[in-house]
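Below you'll find the structure, written out as structure tokens, and then a few comments.
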Amino acid sequence: MAVSKSKPKRSKKATKQSQVKTPSLSIKEQLAQKRKATQARKELISTLTTVIFVSLFAGLIAFLVSDIKTAVPVVLGIIVICLCYKYPLMGLIAFLIYVPFGGTITYYIGNSPILQLAKDAFYFPALIAIWQACRRQNLPLIVPRAIRTPLFILLGVCLLTLLFVNGAQQFSPPDSGPFRQANNGIPLGMGILGLKVLIGYLPLIGCVYYLMKDKKDFLFISRLQVVLILICCGLGILQYLLLLTGICEGTRYASGDALFKATLEARCYIGGSLVYSPDQGMIRLPGTFVAPWQWAWFLIASTFLAFATGFSDPSIIWRLISLGSMAGIFINAVISGQRIALVLVPVCFVILLVLTGQIGNLKRFIPIGAGLAVLLGIAMFTNPTVVQERLDSLTSRWEASPPQDFIVQQFEDSLRSSDSILGNGLGRATNSARTLGPTRLIETYYPKLLYEIGIVGTLAFLALVSTISFVAFKTYRSIKNRNLRTYGAALWVFVLFISYNTYYYPLDVDPVAVYYWFFAGILFKLPEIDKQNKEDANPQQKINKKRLQLKL
């Protein structure tokens with residue numbers, strides 16, 4: 001009797017919970033949603049009609065004045081800029097999609113320095129729209145609040161360098177002698193571009209924070225990134241197979257120094273410059289990016305992002321897809337010939353297992369770890385020569401030039417070359433500014449900052465990234481939901497690693513120059529998403545408070 005009475009009680013309770021979780025909309029609310037959707041559709045059609053007409057008219061003028069190669073970028077540029085300004089969330093998503101394919105697209109359209117900045121056509125219109133909305137509602141664009149003081153200090157030092165160092169180089173260039181012509185370039189232009197490279201993408205934190213409204217948006221972005229990683233890794237493997245089978249020659253038939261230099265002439269359908277001289281043991285593949293170094297850092301950064309989704313996504317299907325993307329990352333770390341990727345990808349994976357606590361989560365660690373081990377074991381068993389060649393190359397390079405000695409040497413060179421406390425000028429060691437004037441190649445990040453903005457600016461930047469890392473740690477520790485907490489922990493480790501990494505300069509180039517700020521914004525939003533989940537699960541305890549609303 002007791003058992004028979006308890007069954008209907010549980011069924012009633014389950015019915016009540018299901019009713020709470022899936023509340024039905026009234027007829028009035030359904031009609032309001034339909035009207036809103038209809039209005040949005042009409043507005044989209046009207047916007048598209050106007051933008052296409054204006055862009056075609058401008059393209060026609062550009063074609064008459066110049067040629068079709070000028071007209072096509074003009075048409076596409078106007079369409080992209082207008083739509084990203086009108087729909088900033090879609091603009092940022094398009095920006096995130098474009099970044100890993102930018103190198104490939106650039107060389108298909110035409111090799112031009114302007115095309116290297118094409119991704120900013122997605123970013124800056126969206127940024128302007130969000131900034132205007134923030135001004136209307138008295139909301140800060142720079143979030144979280146704790147990073148504002150170090151940011152303003154860094155910005156102040158950079159402006160002083162721009163004014164007194166780059167400005168002096170522009171208007172009072174050094175005397176090069178009676179029979180020599182000074183080759184000083186455009187120092188102010190270099191300074192502006194150098195400042196944009198340094199902190200130009202920092203507002204992405206605020207953009208992502210405001211535009212990612214709920215868990216649905218979060219899952220969409222995290223899963224989208226996994227798909228992008230999977231596609232890029234697949235294309236990277238395809239590139240290697242095309243070179244291996246001889247469909248692309250690479251540099252195997254070059255002579256002399258050309259056997260060891262990445263060149264655009266050796267390009268193999270995807271990405272940009274590469275080296276493929278297997279007889280010399282020299283392989284450096286660019287994947288979908290402009291240069292091999294960028295591909296290496298894409299693989300390193302993707303380790304954190306694929307790990308985050310693989311261990312935190314609520315769907316087992318997406319966890320399996322993330323497993324495939326991680327396998328692709330490991331395979332490309334071997335075949336790309338990038339020693340730093342070969343070292344850091346497995347090291348970062350192990351660090352993530354320890355710092356996020358997933359090594360103790362046997363239910364998820366064992367299937368993912370076993371699956372990854374099987375995939376990598378098959379790849380290594382079928383290609384033992386390739387694996388051995390990469391390990392031998394790594395060992396010989398480490399013995400010939402230990403990274404720690406190289407970094408110390410770069411610091412010493414930058415200290416000797418700094419004539420002013422404000423440095424030698426913004427952009428003077430920034431690779432993308434070389435078209436505006438002579439630049440110095442410094443292959444480590446903080447010595448590069450030391451050369452450009454001096455010791456004061458370098459310390460200010462360190463204070464900024466240290467504050468971001470500390471706030472990121474506090475943010476992820478405040479998350480209660482286990483899945484969101486795992487994702488936040490992985491992003492915190494990524495932010496921490498990039499903040500203090502000085503080998504090479506990933507914060508200056510794609511994709512890390514974008515991913516660092518973009519995914520920091522996602523991390524800072526996770527506690528609010530966690531609170532929304534709790535309120536949705538317990539609507540009776542929901543606190544009536546004013547939610548962030550942006551009319552964009």
Side-chain angles (χ1 to χ4, degrees), residues 96 99-103 201 222 225-226 228-237 239-240 271 283-311 322-356 372 376 390-391 393-394 397-398 403 406-407 443-446 465 469 472 487 489-520 522-523:
L96 187 65
V99 165
F101 303 106
Y201 294 114
S222 63
Q225 186 59 35
V226 168
L228 293 175
I229 294 169
L230 198 58
I231 294 172
C232 290
C233 287
L235 291 174
I237 295 172
Q239 184 180 69
Y240 175 74
I283 298 175
R284 301 289 184 270
L285 304 185
T288 58
F289 286 82
V290 172
W293 268 105
Q294 292 176 320
W295 179 237
W297 280 98
F298 171 79
L299 296 175
I300 295 166
S302 296
T303 305
F304 295 88
L305 306 177
F307 180 96
T309 302
F311 281 93
S322 298
L323 170 64
S325 67
M326 280 191 279
I329 292 167
F330 275 86
I331 293 171
N332 276 277
V334 175
I335 66 175
S336 67
Q338 290 297 316
R339 289 180 289 258
I340 191 169
L342 184 60
V343 173
L344 290 183
V345 165
V347 169
C348 290
F349 183 79
V350 173
I351 291 173
L352 283 165
L353 283 175
V354 175
L355 293 184
T356 62
L372 191 60
L376 295 179
R390 298 301 181 270
L391 292 176
S393 174
L394 172 64
R397 176 64 178 178
W398 191 290
F406 178 67
I407 293 171
E443 298 179 78
T444 49
Y445 190 66
Y446 282 101
V465 295
S469 301
Y487 198 96
L491 292 187
W492 168 68
V493 177
F494 173 63
V495 168
L496 183 71
F497 172 71
I498 297 299
S499 294
Y500 297 105
N501 169 75
T502 191
Y503 192 71
Y504 191 56
Y505 38 92
L507 268 175
D508 267 13
V509 293
D510 295 338
V512 178
V514 172
Y515 289 171
Y516 179 82
W517 312 107
F518 191 99
F519 287 95
I522 290 180
L523 173 56

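Position 1 is the first residue of the sequence, and the numbers go up from there. A quick note: this is a predicted structure, and the numbers were derived from the prediction, not measured.
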Any side-chain heavy atom of [X] within less than 4.5 Å of one from [Y]?
{"X": "Phe101", "Y": "Leu228", "answer": "yes"}
{"X": "Val226", "Y": "Leu305", "answer": "no"}
{"X": "Leu507", "Y": "Trp297", "answer": "no"}
{"X": "Phe307", "Y": "Ser322", "answer": "no"}
{"X": "Leu96", "Y": "Tyr515", "answer": "yes"}
{"X": "Ile522", "Y": "Phe518", "answer": "yes"}

Looking at [atom1] of [X] and [atom2] of [Y], how far apart are the two atoms once the value is rounded to the nearest 0.5 Å?
{"X": "Phe349", "Y": "Met326", "atom1": "CZ", "atom2": "CE", "answer": "5.5 Å"}
{"X": "Leu299", "Y": "Ile331", "atom1": "CG", "atom2": "CD1", "answer": "11.5 Å"}
{"X": "Ile340", "Y": "Trp293", "atom1": "CD1", "atom2": "CH2", "answer": "4.5 Å"}
{"X": "Leu230", "Y": "Leu235", "atom1": "CG", "atom2": "CG", "answer": "10.0 Å"}
{"X": "Ile335", "Y": "Ile237", "atom1": "CD1", "atom2": "CD1", "answer": "5.5 Å"}
{"X": "Tyr446", "Y": "Ile407", "atom1": "OH", "atom2": "CD1", "answer": "12.0 Å"}

Practice prompt. Kindly assign one of parallel, tilted or perpendicular to the pair Phe298 and Phe289, based on the angle between their ring planes and the thresholds 30° and 60°.
Written response: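 Ring orientation of Phe298 relative to Phe289: tilted.
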List the atom of [X], the atom of [Y], and the distance in Å for their closest heavy-atom pair.
{"X": "Val343", "Y": "Val347", "answer": "O-CG2, 3.1 Å"}
{"X": "Pro100", "Y": "Thr288", "answer": "O-OG1, 2.6 Å"}
{"X": "Trp295", "Y": "Cys232", "answer": "CH2-O, 3.3 Å"}
{"X": "Val345", "Y": "Ala333", "answer": "CG2-CB, 4.1 Å"}
{"X": "Ala490", "Y": "Leu352", "answer": "CA-CD2, 3.9 Å"}
{"X": "Gly337", "Y": "Arg284", "answer": "O-NH1, 2.9 Å"}

Worksheet item: Counting only N and O atoms by type, is there a donor-acceptor contact under 3.5 Å from the side chain of Asn332 to the main-chain atoms of Cys233?
Response: yes
Fill in: Contact list for residues 497-506, test side-chain hydrogen bond (donor to acceptor under 3.5 Å, both in side chains), sequence neighbours left out
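Listed once each, the pairs are Ser466-Tyr500, Ser469-Ser499, Ser499-Tyr516.
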Practice prompt. Would you please indicate yes or no on a ring centroid separation below 6.0 angstrom for Phe304 and Phe497?
Written response: yes
